[in-house]
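Okay, structure first, notes after.
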Protein chains: 2
Amino acid sequence: MKIAVIGAVAAGTSAAAKARRTDKEAEIVVFEKGTDISYAGCGLPYYISGVTPSRSEIVMNTAEDFKEKYNVEVRLQHEVTQIETDGKKLKYKNLNTGETGEYKYDKLIIATGASPIKPPFEGLDLENIFTLRSVESADQIKVALSRKETQKVVIIGAGLIGLEMAESFRELGMDVTIVELEDQVLPPYSKEMAEIVAEHLREKEVELILDDGVDHFEGEDRVEKVVTASGKKIETDLVLLSIGVKANSELAEKAGVEIGKTGAIKVNERLETNLKDIYAAGDCAESTDLLTNKDVWVPLGSTANKQGRTAGENAAGGDYKHYGILKTGITKIFDLTVAKTGLDLEEAEKEEIDAVAVKIKAHNHASYYPGTAPIHLRGIFDRENGVIVGAEVIGGEGSDKRIDVLATAIYNRMTAGELFQVDLAYAPPYSGPKDAVAILGMVAEKKI
Amino acid sequence: MKIAVIGAVAAGTSAAAKARRTDKEAEIVVFEKGTDISYAGCGLPYYISGVTPSRSEIVMNTAEDFKEKYNVEVRLQHEVTQIETDGKKLKYKNLNTGETGEYKYDKLIIATGASPIKPPFEGLDLENIFTLRSVESADQIKVALSRKETQKVVIIGAGLIGLEMAESFRELGMDVTIVELEDQVLPPYSKEMAEIVAEHLREKEVELILDDGVDHFEGEDRVEKVVTASGKKIETDLVLLSIGVKANSELAEKAGVEIGKTGAIKVNERLETNLKDIYAAGDCAESTDLLTNKDVWVPLGSTANKQGRTAGENAAGGDYKHYGILKTGITKIFDLTVAKTGLDLEEAEKEEIDAVAVKIKAHNHASYYPGTAPIHLRGIFDRENGVIVGAEVIGGEGSDKRIDVLATAIYNRMTAGELFQVDLAYAPPYSGPKDAVAILGMVAEKKI
C-alpha cells in the first residue's frame, strides 16, 4: 500500500501521521513544495512580533523528525505538477534541482492548502508588499521590519489576519493604518460587535480607513504610498495584503476532482473526493456546516487538523467521519478576545429561521476578584423554539471560555432556557454566580 | 399578596428580587438573623487574604439598597423562631432588642442556608478556633490573624474551603498544616487527580497530615495544640474547622416540611416543598442530579442563585423550573484550578454504568505562545454508548474553560467521538489545534 500526501502543513502532516498509526506497513510519502513542514501558520503573527522568539518553535518538525517519528518520507521542495488518475501517478518537480519524476500511489490525499488573494493592483510588484502565509513569508517580513527605515505599515484588509498583524506591528513600534473595503472591521461580525473592536484598535493607535479600498501602490523600488479608491494617499514603508485566501484547488481540478461552489474541493464526511482513492483535507477542502448541512469553506487550523486525521485514517483503510463545522473562529486583538461561532443573523435568515439577536454585557468573573473585565455576548436565537444558532463573544480574559461553551451549546441545539440552566462552574476567580452564558440565556428567554 | 423570605444571602435575595420583578405589587419581607445581606460567601477567603481588600466589595448590598432597588423590606437580626403553617404565620425574634413578633404570609420561601459542622471535640471552646461561613466569622478570623503572635494555622479538613483557605493563610505568611481524615486531599476527587493537588500544596509549603483526624484541642485560653487521633501534637495559634456543612433545615422540619435523605429540604422542580405555599431554595434545599435523577444536596452559590430565582418567580405567581445540577464545582488552589462535574467512577458504578476513566494531560494553548501550562483532564465514560458522564480538570490557566465545556457536554450526553468533533475555537493564545477536550475525546474513543 502506497499513500501519497500533497502538502505538509496542518492537514498533510496530520493525515500522514494518522495513516501511519492506522497502517504500520504502508509506504507513506509527503510531497511539499516549500521548505518547511508542519509549521504553525496561526503562530506567524507572534513569530513576527517576537512574542514567540524562535523560528524553531513555529516550525515544530523537520522532515527528519517526521521520518524518525512516523516512518514517513517528506520530500521538501517537491512540487506535484500533475495528478494522473488513470495510472494513479503523481508527476513532480524537484524545485531545488529541477529534476522531475513520478510516483505511483494507491491512495492520494490532497492537502495543498490555500493562498493569499492578490488582486492585480498596479504597483503590486514594488518591494515591501507582502502577504503572510508561510514561514518564508514571515521571514521576509521580519527582515523588512528590521530595517530602521521601516516605520509605517499599511494593512489592506481588516479581517482576522489583518487585525492580528496590526497588534504585531504595533508591538514592534510601527505606525499602523488599516484600509478596509467594508464599512466595518471584521466584516463577518455584526456591526455592534465590530464597533467594540474598532474602538479598541483606535485606543491602541491603529488608524482605520473603512469603506475604502486600494486603487494602486506607488513608489520607486519600494512601496511608498497606498492610493485608495477614494483618492487618499497614505505614506508607507511596508504593505501587508490580507484581504483573504483562496483554496489551492487547481491541481486537483485539472485531474478531474470536483470543485465545490466555494472554489474548494468537494468532499464527503470521509473526506473522499468524487474520484476513487483520492481524498482532500484542510484549507483546500470544503466542510459541512453542521447547522445548515451546506458545503462551506472556512479554512482554519483546527478543522485542517481534524480533516487531515480523518483522511489519513480512511486512506489507510480505516473508517472515520468528520461531521462538519460550526465555523468557530477566535482571535486575540491586543487586549480583546474576538470570537464567533454558528450562524449570524443574515445566515440564519437565509435559512428561513425566525432569528433574533440578543446582546448582553457581563463580567468575566466576580467583581471583587482582581482582573475583572467586561465580556460582550451576542447570541442568535431561533424564536420558534428558543434554540441558539450562533454567537459572537468579544471581551477580556474568559471570552474564549464563553465561545467554547456556546459552540458546544449550538452543537447540541440548546435553548436559551438551557443556557441558563446548564450547571457551569462557579468560583469568584472564574465567573459570577450567574455566568455570562447563563445571563445571555436568561435575557434571551425573556426576549423570545 | 405577602411573600416572606427567611434568609438574605444568595438564594434569599435572589428570590426576593425575582419575586419583585414578577409581582410589582406584592409585599415582600426578608427576615435575616445576621447583620449582613447578599454577601459573597465564596469571596470570604479572598477577603481574609486581602486579595479583595474592602469589606464593602464582599457585602454587595445593604438592607437600604435592597429596599430602594427592589422595594423589599429586609429585617436584619431578625431570627424566625417558628413557622406556623396553620395560620400561615412566622414568629420571629429581634436579636437586637429581644422583641418578638409575628408576620402573616401568603407565600413563604425558606432560604436558611447551611452551617459548618462542628463535632463536639474536647477543647472546641478555646479561643481562635473558627469556622468560616459568614462575613462576621471572616471578620473574627481577620482580627485573630492581625495579632502578631498568630503565626501557625491548622486547617481541619482538606475540602474546597480548607484548601482555598490554605492559600489565603499562606499569602499572609502563616505556617499552614492541614489535617484530613481521608487518605487524600479533596476526598470527592479521584486519587490520581487529588495527588496533583497534594503535590502542589507541598510545593507551596503547606504541610499535609492525611489519614488522620482531630482527637482534641489543647490550650490555656487560646488553642495551642491540635492532638490527632494518631497521637500527633501540632502546635498552632489558630484552627480553622472546615470539615463540611449541614443544611439549616430544623426550622422547616419542625413546621412539618419534608426533609430528604440528604438532611436538606426536599423540593420539586418548582422549588415547592411538600407544604402548600412553602418553597425552599439554596443551601438548605436539595436539588436533582441531572444524570441520576436522584435527590442530591450540593450547596453551592451558583445553584443557590438559580434556585432562589426560581422560587421567587413561582412564589410570586410565575411558573419556572430548576432542572437540576451536575454538581459542577471549581476552586482556585494557589496556581491550580481544580474542578469537577458529573459523576465520578464510584457514582457511575452505583448507577450500573459500565464506566471507564480516561486521563490525559494536555496544554492549555499553543506551546510557542507565552504562558503555556499543563492541564490534566479525567473523563468518566459509559463504555456502552461512549457518553461522557463525569469529568475532573486540574491545571493552569484555561482549566475553567475545559470544565465548562465538559459540563455542557455532559448536560447534552455527548459521546467521546463528539468531544473530538465539536468545533471549539482555536488560536494559539487559547488552545492547540486539537483542544484538550478534543484530545480527551480522541483518547477515550480509542479506549472504549
Side-chain angles (χ1 to χ4, degrees), chain A residues 10 40 42-43 46-47 51-52 54 57-58 60 164 290 300-306 322-332 337 339 341 366-370 398 400-401 403-405 407-409 411-412 414 418 420-431 433-435 437-438, chain B residues 10 40 42-43 46-47 51-52 54 57-58 60 164 290 300-306 322-332 337 339 341 366-370 398 400-401 403-405 407-409 411-412 414 418 420-431 433-435 437-438:
Chain A
C42 305
Y46 308 106
Y47 171 54
V51 164
T52 300
S54 143
E57 290 181 271
I58 295 292
M60 286 175 288
E164 280 181 352
L290 283 170
L300 289 174
S302 40
T303 305
N305 215 289
K306 285 176 193 164
H322 179 238
Y323 297 176
I325 59 172
L326 299 169
K327 303 180 290 184
T328 312
I330 192 167
T331 321
K332 178 178 173 296
T337 296
T341 185
S367 57
Y368 55 81
Y369 192 84
D400 60 324
K401 170 161 76 175
I403 202 71
D404 275 359
V405 170
T408 309
Y411 179 92
N412 289 292
M414 284 174 83
E418 286 179 295
F420 176 71
Q421 298 276 351
V422 64
D423 191 13
L424 301 176
Y426 163 59
Y430 306 108
S431 71
K434 275 201 284 286
D435 189 80
V437 167
Chain B
C42 306
Y46 308 107
Y47 171 54
V51 164
T52 300
S54 143
E57 290 180 272
I58 295 291
M60 289 176 286
E164 281 181 351
L290 283 170
L300 288 174
S302 40
T303 305
N305 215 288
K306 285 175 193 165
H322 179 238
Y323 297 177
I325 59 172
L326 299 168
K327 303 181 290 184
T328 312
I330 191 167
T331 321
K332 179 179 173 294
T337 295
T341 185
S367 57
Y368 55 82
Y369 190 86
D400 60 325
K401 171 161 75 176
I403 202 70
D404 275 358
V405 170
T408 310
Y411 179 92
N412 289 292
M414 284 173 82
E418 287 180 293
F420 176 71
Q421 298 277 350
V422 63
D423 191 13
L424 301 176
Y426 163 59
Y430 307 108
S431 71
K434 275 200 284 286
D435 188 82
V437 167

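The sequence lines fix the lettering, A, B, ..., with proteins before strands; numbering per chain opens at 1.
Looking at every heavy atom in both residues, A:L424 comes nearest to B:S302 through O-OG, 4.3 Å. The two residues A:Q421 and B:K306 make their nearest non-hydrogen contact at O-NZ, 3.5 Å. Between B:D423 and A:L326, the shortest heavy-atom contact is OD2-N, 2.8 Å.
Contacts of A:Y323 with chain B are made by both backbone and side-chain atoms, with heavy-atom separations under 4.5 Å. Interface residue B:D404: backbone and side-chain heavy atoms are both found under 4.5 Å from chain A. The contact between B:T337 and chain A is made by backbone and side chain atoms together, counting heavy-atom distances below 4.5 Å. Neither the backbone nor the side chain of A:S431 comes within less than 4.5 Å of any heavy atom of chain B. When heavy atoms are compared at a cutoff of 4.5 Å, A:F420 approaches chain B by way of both its backbone and its side chain.
Under the 4.5 Å side-chain criterion, counting only non-hydrogen atoms from C-beta, A:V51 is in contact with B:P370. With contacts defined as side-chain heavy-atom distances shorter than 4.5 Å, the pair B:Y426/A:L300 does not qualify.
Here B:N412 pairs with A:N412, A:M414, B:T408, B:M414 under the side chain to side chain contact (heavy atoms under 4.5 Å, CB included) rule; sequence neighbours left out. Looking at residues two or more places apart in sequence or on another chain, you find no ring pair (Phe, Tyr, Trp, His ring centres under 6.0 Å) involving A:Y368.
Using modelled atom types and a 3.5 Å distance limit, the side chains of A:Y411 and B:E418 yield a donor-acceptor pair. Using modelled atom types and a 3.5 Å distance limit, the side chains of A:Y369 and B:T52 yield no donor-acceptor pair.
Residues A:D400 and B:K401 are paired through a salt bridge, judged by an N-O separation under 4.0 Å between the basic side chain and the carboxylate.
No other option in B:A438, B:P428, B:A427 has as many heavy-atom pairs under 4.5 Å with chain A as B:P428.
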